[in-house]
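Please read the structure below before turning to the comments.
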Protein chains: 2
Amino acid sequence: MNLRQLEAFYLVIKRKSFTRAAEELNVTQPAVTIQVKSFEKSLNLKLIQQVGKRMQLTEAGELLYQYAEKIFELVSDANEKMRDFKKLMRGTLQIGATKNYARYIMPSLLSEFQRRYPRIKVILDEGNSEDMAKSVLEKKNELALISQLNLDRKIKSLFFSTVEFVLVASPEHRFSQRKSISLRELNGESVILREKGSGSRAAVLRKFQEYGIWPSVIMEASSLDFIVGYVKQNKGVSFMFEPDIKEELEKGTLKVISLEEGNIIFFTDLIYHSEKSLSPPSEAFLKMVKELKKELVPPLP
Amino acid sequence: MNLRQLEAFYLVIKRKSFTRAAEELNVTQPAVTIQVKSFEKSLNLKLIQQVGKRMQLTEAGELLYQYAEKIFELVSDANEKMRDFKKLMRGTLQIGATKNYARYIMPSLLSEFQRRYPRIKVILDEGNSEDMAKSVLEKKNELALISQLNLDRKIKSLFFSTVEFVLVASPEHRFSQRKSISLRELNGESVILREKGSGSRAAVLRKFQEYGIWPSVIMEASSLDFIVGYVKQNKGVSFMFEPDIKEELEKGTLKVISLEEGNIIFFTDLIYHSEKSLSPPSEAFLKMVKELKKELVPPLP
DNA sequence: GGATTACTATAAGTTTTTTTTATGGTATTA
DNA sequence: TAATACCATAAAAAAAACTTATAGTAATCC
C-alpha cells in the first residue's frame, strides 16, 4: 500500500473534493486524481464512486478511510512530537560530571538551563574524569564536565574554567610550621593521590613531572573522605579543592600549605563526542555554556 | 513527513539492520541508507546513532519508532481488510428485487450465494421494477432483479428467466363459465392493474397495445392483497402470477381464465449500472447467476 | 594480528514515480 | 444557455527513488 496514495485518497474524502485535497497537498488537481486512481488500481478495488456530482465511498473505501483517519492522526501527532524535540519542548539532557563539578559547578549551570528550557529533563551522571570521558565515547552521556585529561581524538572539548588545588597537611606535619614550601621539598614525601582516572590526580602528577620531583605515593583512593581522614592522621599530604575541606580548615584539623611555585591549577572542560551531532538539549547546553563563559569570564586581550 | 522514509526507518530498527530492512522493502541497501538519512535531514533530528557496530535510537528516534509501529500495524491491518474485500471474505451485497422476485426467486439465489460466500452480508431491497431501476441508477443498489421495462441507457441488463402471468377472475365472472377467451374480449372489460412502475403492469399494457385492445382500467393498486380481494368481489379481472394465488385457486375463490393468445409472458432481468464497476460481491453474484442460468436453462439452439 | 566477514556510507548514473501543463468533459447554477 | 466549478486524461517535465560500484569500518576468525 502506497501511503502517498492513501493520503491523497484520505484528503479527497476529508475535504470532499479533489481540488481542495490538491491544495492541501500542495500539488495540482490532476496529481490527486491520478494518485487516487492508481491507488484503486493497485488495490484492485473501487473506493470512491461518483453519484452525479456527489462522491460516495464504497464499502471498502469507507473502511479504508477509517484506517486512514487513524493513520494520519498518528502521523501528525508524531510530527508534532518531533517538532517539540527540535523546539526543546521535549527531551532529555544527559550529562556527566565529576563529583566536584557536580557539587560546585553543575547546580548553577543546570538551574539556568532548566530556567531556559523547563520542559527538558536533566539526567546528571557522576564519575571521575576518565569514566566520564569514556561515557562520552560510548555515547552514554553526550556531554561531560571534567578535568583536563589526555583525551581520545574523538572527543572535543570546550574550556570552561580553571580550578585550583592546594597542598594540604595535618597541623602536626612539619610543613605546617612553615610559611610556605617549595615543590621540590615534596621529593620523597608521603603523598596521597586520587585514583587513576581522576582529572585532579592527572594534574598533580603533571605538576610533579614538570618539576622533576618524585614523591612517594603511599596511597591512592577515590574517596575524598578517606583521603581527608588519612591526611588528618598525618599519614601523608595531599592536594585538594579548598571548598571541599572548608570545615576541617575552620576547625584547624587540616592546614593549607602555601607553595612557592603556586597552587596546582588545571582546567575544567566541557567535553562531547566529535563525530556525533549533539541532541538539541546538548546543543542548547553547550551554547548556553559558551554564552555564560563570555559573560562571566571576559576573554583576556 | 515522508512515509516511505518513515517505513525505511521503521524497518531498519525493527530488523536491526539496514541490509535486512532493504530485503524486506525489496530494494538495495543503499536505498535504505539514503532514505533514512534524508528522513533525518528533513526532520532536522538525528534518529539513529551508531555506537560501534550497534545501532541505537536517540530519544526522538525512540518515540518516532513507537509511532511507526502503530502506524504500520494499522497499514498492514488495512491491507488485510482490503484483501478480504477482494477475496469476498468481507463486504455486502446490496441487491434489489420486486416483491414477486423477492419471494419466488431470490431465496434460492441468495441461499446459494451465501453458501458460496458465507462472509458476505446480503441486503435485499424491495420495490417495484421502476423503483429498483432507479435505485440502480442512483447507485443505492448495485444489482436488481426486475421485470423487463424500458430502461435508461445507463443500465445494463442480463436476461434471467421468463415469468407467466395468467388472467384471473372471480368464479362469478362471466369468463369463468368459458373454456377460454380471446384477448379481444377484454376490450371494455373492467381490469385492475398494478401501479405505475410495476414491470408486470408494463408487460400487461404492452400486450394490450400489441393486440390493439383498450380495457377499462378501473383500479390501479400496488398491493397484491388488495387486488386479490377486489377480483374476488368480482369488481374486475386482473393478471397475476399463479403461485401468488395458489390458496385462492384451491379454495375456488378465484379462477384462472385461459387465453387463446396464450398467457402474458415477460422477462426477468438482472440489472446493473453500466458505468460503475461492480463491487466484488455484486460481481460474484452476477457471475453466479450466469452460471446457474447456464445449468438450469440450457440455451436453445 | 592480519585476513575475512558482514555490515553501512557515498557517489554517479539510471529508472521510476510523481507532478505539471494543457485541455476536454460534465454536472450544477445563474 | 451560458457560466461555473468541478474532475478526467494525455503528454511532457520534474522530482524522487533506486541501482551499481565501491569505499569504509567494526567484529570475528584462524
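Quick note on labels: first sequence line is chain A, next is B, and so on, each numbered from 1. Everything numeric here is computed off the predicted structure, so don't read it as measured data.
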Whole-Å distance separating the CZ atom of A:F18 from the C1' atom of D:dT9: 13 Å
DNA chain C contacts made by residues 23-37 of chain B, counting heavy atoms under 4.0 Å: B:Q29, B:P30, B:T33, B:K37
Between D:dA15 (P) and B:Q5 (CD): distance, integer Å: 16 Å
B:S38 vs D:dA16: side-chain N/O to OP1/OP2 distance below 4.0 Å: no
Neighbours of DNA chain C within residues 6-13 of chain B, by heavy-atom distance under 4.0 Å: none
Derivation of the side-chain contact (heavy atoms from CB on, under 4.5 Å) call for A:E195 and A:R201: CA-CA 7 Å; A:E195 85 285 3; A:R201 170 201 167 101; 5.6 Å; no
Ring-face cation of A:K70 near A:Y67 (centre distance under 6.0 Å, axis angle within 45°): yes
Plane angle bin for A:F39 and A:F9 - parallel if under 30°, tilted between 30 and 60°, otherwise perpendicular: tilted
Whether A:K139 side chain and B:Q50 backbone form a donor-acceptor pair below 3.5 Å: yes
Whole angstrom value for the distance that separates P of D:dA26 from CG of A:L137: 12 Å
Between C1' of C:dA9 and CD of B:E40, the distance in whole Å: 13 Å
Lys/Arg-Asp/Glu bridge criterion (N-O < 4.0 Å) met for B:E24, B:R15: yes
N/O (side chain, B:R4) to phosphate O (OP1/OP2, C:dT17) under 4.0 Å: no
Phosphate OP1/OP2 of C:dT8: any B:S17 side-chain N/O under 4.0 Å: yes
NZ (A:K99) with more than 12 external heavy atoms under 6.0 Å: no
Candidate pair A:K86 and B:L45, rule side-chain contact (heavy atoms from CB on, under 4.5 Å), full reasoning: CA-CA 7 Å; A:K86 255 334 260 185; B:L45 277 174; 3.8 Å; yes
Rounded interatomic separation in angstrom, taking NZ from B:K41 and C1' from C:dA9: 14 Å
Smallest separation among heavy atoms of A:D269 and A:F159, with atom names: OD1-CA, 3.2 Å
Options D:dC7, C:dT8, D:dA17, nucleotide nearest the side-chain atoms of A:M55: D:dC7
Below 4.0 Å: OP1/OP2 of C:dT17 and any side-chain N or O of A:N2: no
Atom pair distance, as rounded to whole Å: CD in A:Q50 and P in C:dG25: 18 Å
side-chain contact (heavy atoms from CB on, under 4.5 Å) evaluation trace for B:R20 with B:L11: CA-CA 8 Å; B:R20 282 196 292 278; B:L11 284 176; over 6 Å; no
Gap between atoms NZ and C1', on A:K46 and D:dA8 respectively (whole Å): 12 Å
